[in-house]
Asker: 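Below is a structure I'd like to ask you about.
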Amino acid sequence: MLKVNGIDVFYGDVQVLWDVSFHVGEGEVVALIGTNGAGKSTTLRTISGLLRPRKGTVEFLGERLDQIPPYRIIELGLAHVPEARRLFPEMTVEENLEMGALKPAAKARRAESLERVYSRFPRLKERRRQLAGTLSGGEQQMLAIGRGLMSLPRMILFDEPSLGLAPLLVEEVFNVVNDIRRDGVTVLIVEQNVRQTLAVADRAYVLETGRIVREGTGSELLDDEEVRKAYLGV
Amino acid sequence: MVQLEVFLQTLVSGLLLGGLYALIGLGMTLIMGVMKIINLAHGELMMVAMYIAFWLFHLLGMDPYVTLLVTVPALFVLGVFIQKTLISPVLKVDSILPENQVILTVGIGMVLQNLATLFFTSDYRSTPVDYASDAWYLSDWWRSSPIELSFSVPWVVSFGFAVAITAALWWFLQRTDAGKAIRATAQDKDAAILMGVNVERMTVVTFGLGAALVGAAGSLFIPMYYLYPALGGRFTLIAFVITILGGLGSTQGAIIGGLILGVFESMTATYVGMGWAPVGRFLVFVACLIFLPGGVAGLMRRR
Ligand SMILES: Nc1ncnc2c1ncn2[C@@H]1O[C@H](COP(=O)(O)OP(=O)(O)O)[C@@H](O)[C@H]1O
Ligand SMILES: [Mg+2]
C-alpha cells in the first residue's frame, strides 16, 4: 500500500535520512521505532509531502506522493496525525474536526463521521464548542486522532500519539489504534513507547541516526537482544 | 449639559470614524495573521481605491457608495496580483528575512504613490456629493431630548456599510469552509496542508481579501476626505496601530482596536485641538506597546 524507496532527506544542507526504504501492506500495523532525533518524524513528514526527498520515491496506492502537491495527499486516503497534535488552537473542537473533512468525499459524509468520532470520544462531544487550545493533553490527542479519522482515511500515520500522556491515557491511545486497525484502516505508527508499540504492531522497523538498521515482526523485535538493550532497558 | 453634549457628540464622531478604521485594520490583520508580515502598502492600496471611486464619480457620475461594486473587486484583483507576482516569490526564498519582505511592501507602497502622482498630479481632490453636509439630529426622533446630537449623513451611511462588510467577513471566516481554511492557515500552516488546504492559494486569497477590505474603506471615505497621492502613508500607520492594538492577527481585536483609535482621535481633536489627532494616535501606539503588548486579543485571552 505504501512504499518508501531509498529516500535521502535534508534540512537545508544537513542530511537527516539516508537511503530509507520500507513498505506497509494493506491492513497492517507497522511501527517505526528509534530514539529521539533518529529521523522518525522526518520520515512521516516526507511521506505527507511536507518535506521532499532529494533522492528516492514515496508511493501510495501506486501514486507518487513525492510528485504531487502535499495538500492533495489527504484526498488519496492518507491521513497524518502529527507530532505534538498540531491542532488549530483558536478553533473549536468541532471546527477542528470539520477541518479533517474538507475534501468533497469526506465532506459529503461529515455529519455521519462527526457522530462516529463523538461516540468513540464522548469527551469531545461534551466540549464541542470549546477552543481546542483549552483542552487537556489527553483530550487534545483524542481530538487530533478524531480529526484524522474525519477524512475517512485508508491509512493513518501516527507520530508519537502517546507522548506526554499519563499511563491510563497511553492505554487508551493504543486501544484506539487497535480499533482503527479493526475497522480495516492501515496504520504506520512512530513511537518511543517501544514495548507497547511492538505489542500492537504486526511488523516494525528500527531507525537509527537516519538509517533503517533492523526490521522484523513485533514479537521478533521484542525478543531481539539488541533491541531489548537499546530500547527496553533490559 | 453642554459639557455632556460635547462629550457625547465627540463619542459619536469617534465611533463612526472607528468603524471605518476597523475595516482598514481588519485587512491588515488578516494579512498579518496568515502571512506573518505587516503590509506597509496598506494605506496606498486604499489611496488607489479612492482614485478609482473619485474618477467614477467625476466621469460617470457614480455615487461613491455604488463605486463599492468596482473598488472591492478591483482591489481584490490588485491584491492577488501583488501577492502572486511580487510578494510570493520573495516569501519562497528562505534566505530573505521577514524584515525584507516588509521592506518590499514599503517599496510597493512607494511605487503606488509615485504612479498616482505621475498620473493624477499631487493636487488635492474632493468628491462633492449633494448630501455631504446633510445630517440627522437626535431631536428628529426624540422631540423632547434634553441634549442635541447631530449625525452626519455620509458618516452614518459609511459606518453602516463598514458594519455590514465587517459582518459579512465575520460570517465568511466563521461559517464557510474557505473562511475556516484561512483561519486554519493562520494558526498552523503545516497542519492546514495535512488537512488538504492549498495554503499558497489561501495566502493569495487572503492578500486579495485584505486589499478588498481596505478598498471598500476607500469608497466609504471618499465622500468625506480630500484625496491626494500621499494620503496612503497616514492610513498605513493607522492600520498598523490598529493591528498592534488588536493583538497582531486577531480579527475581534482589530474591530475593537479600530473603535478605540477612532474614539481616542476624536477625543484628542475635541479636547486638545484639531491638529493633535496624530499625536493621540502615536500615544495610543506607544502606550499599547508598553502596557498591552498582546493587544486587545491578549487582554481577552487573559480573562
Ligand atoms: N526543522 C528542522 N530543521 C533542521 N533540523 C531538524 C528539523 N527538524 C528536525 N531536525 C533534525 O533532524 C533530525 C531528526 O529529527 P526528527 O525526525 O524530528 O527525529 P525523531 O522524530 O525521530 O525524534 C534531528 O537531528 C533533528 O535535530
Ligand atoms: Mg519526532
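Side chains are part of it too, since the values below use all heavy atoms of this structure and drop only hydrogens, waters and symmetry mates. The chains referred to below are lettered A, B, ... by the order of the sequence lines, with proteins before strands, and numbering in each begins at 1.
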Asker: Between B:Lys36 (side chain only) and B:Ala186 (backbone N and O only), is there a donor and an acceptor less than 3.5 Å apart?
Answerer: yes

Asker: Any ion pair linking B:Arg183 and A:Glu90 (charged N to carboxylate O, less than 4.0 Å)?
Answerer: no

Asker: Anything in residues 124-133 of chain A with a heavy-atom distance to chain B below 4.5 Å? Please list those residues in order.
Answerer: none

Asker: Judged by atom type as modelled, is there a donor-acceptor pair below 3.5 Å linking the side chain of A:Arg203 to the main-chain atoms of A:His23?
Answerer: yes

Asker: Whether B:Asp190 and A:Arg45 form a salt bridge (side-chain N of Lys/Arg under 4.0 Å from carboxylate O of Asp/Glu) is what I want to check.
Answerer: yes

Asker: State whether the side chain of B:Ser219 and the backbone N or O of B:Ala216 hold a donor-acceptor pair below 3.5 Å, judged by distance alone.
Answerer: no

Asker: So which of A:Met150, A:Arg85, A:Glu75, A:His80 has the largest heavy-atom pair count under 4.5 angstrom toward chain B?
Answerer: A:His80

Asker: Is the backbone of A:Ala101 close enough, under 3.5 Å, to the side chain of A:Arg110 for a donor and an acceptor to pair up by distance?
Answerer: yes

Asker: Could you tell me whether A:Asp179 and A:Arg120 make a salt bridge, using a distance below 4.0 angstrom between a side-chain N and a carboxylate O?
Answerer: yes

Asker: Is there a donor-acceptor contact under 3.5 Å from the side chain of A:Gln15 to the main chain of A:Leu17?
Answerer: yes

Asker: Measure distances from A:Leu50 to the heavy atoms of chain B and classify the residue's part below 4.5 Å as side chain, backbone, both or neither.
Answerer: side chain

Asker: Contact part of B:Glu200 toward chain A, heavy-atom cut-off under 4.5 Å: side chain, backbone, both or neither?
Answerer: neither

Asker: What residue in A:Pro89, A:Pro82, A:Gly49 has the most heavy-atom pairs under 4.5 Å with chain B?
Answerer: A:Pro89

Asker: Has A:Arg116 got its NZ or CZ under 6.0 Å from the middle of the six-membered ring of A:Phe121, at an angle within 45 degrees of the ring axis?
Answerer: no

Asker: Based on non-hydrogen pairs under 4.5 Å, which of B:Val199, B:Asn198, B:Val197 is most in contact with chain A?
Answerer: B:Asn198

Asker: What salt bridge (charged side-chain N to carboxylate O under 4.0 Å, His left out) pairs are there with at least one residue in residues 75-85 of chain B, not counting sequence neighbours?
Answerer: none

Asker: Counting only heavy atoms closer than 4.5 Å, note whether A:Arg86 contacts chain B via side chain, backbone, both or neither.
Answerer: both

Asker: Taking non-hydrogen atoms and a cut-off under 4.5 angstrom, which of residues 2-14 of chain A neighbour chain B?
Answerer: none

Asker: Identify the two heavy atoms, one from A:Asn193 and one from A:Thr197, that lie closest to each other, and give their separation to 0.1 Å.
Answerer: O-OG1, 2.5 Å

Asker: Will you find, in the side chains of A:Glu83 and A:Ser41, an N or O donor that is under 3.5 Å from an N or O acceptor?
Answerer: yes

Asker: Step by step, work out the side chain to side chain donor-acceptor pair (under 3.5 Å) result for B:Gln83 and B:Thr203.
Answerer: CA-CA 8 Å; B:Gln83 156 66 22; B:Thr203 308; 5.5 Å; no

Asker: What pair of heavy atoms forms the shortest contact from B:Ile182 to B:Leu173, and how long is it?
Answerer: CG2-CD2, 4.3 Å

Asker: Is it true that a side-chain atom of A:Lys103 and a backbone atom of B:Gly196 form a donor plus acceptor pair closer than 3.5 Å?
Answerer: yes

Asker: For chain B, which residues from residues 53-71 of chain A have at least one heavy atom closer than 4.5 Å to it?
Answerer: A:Pro70, A:Tyr71

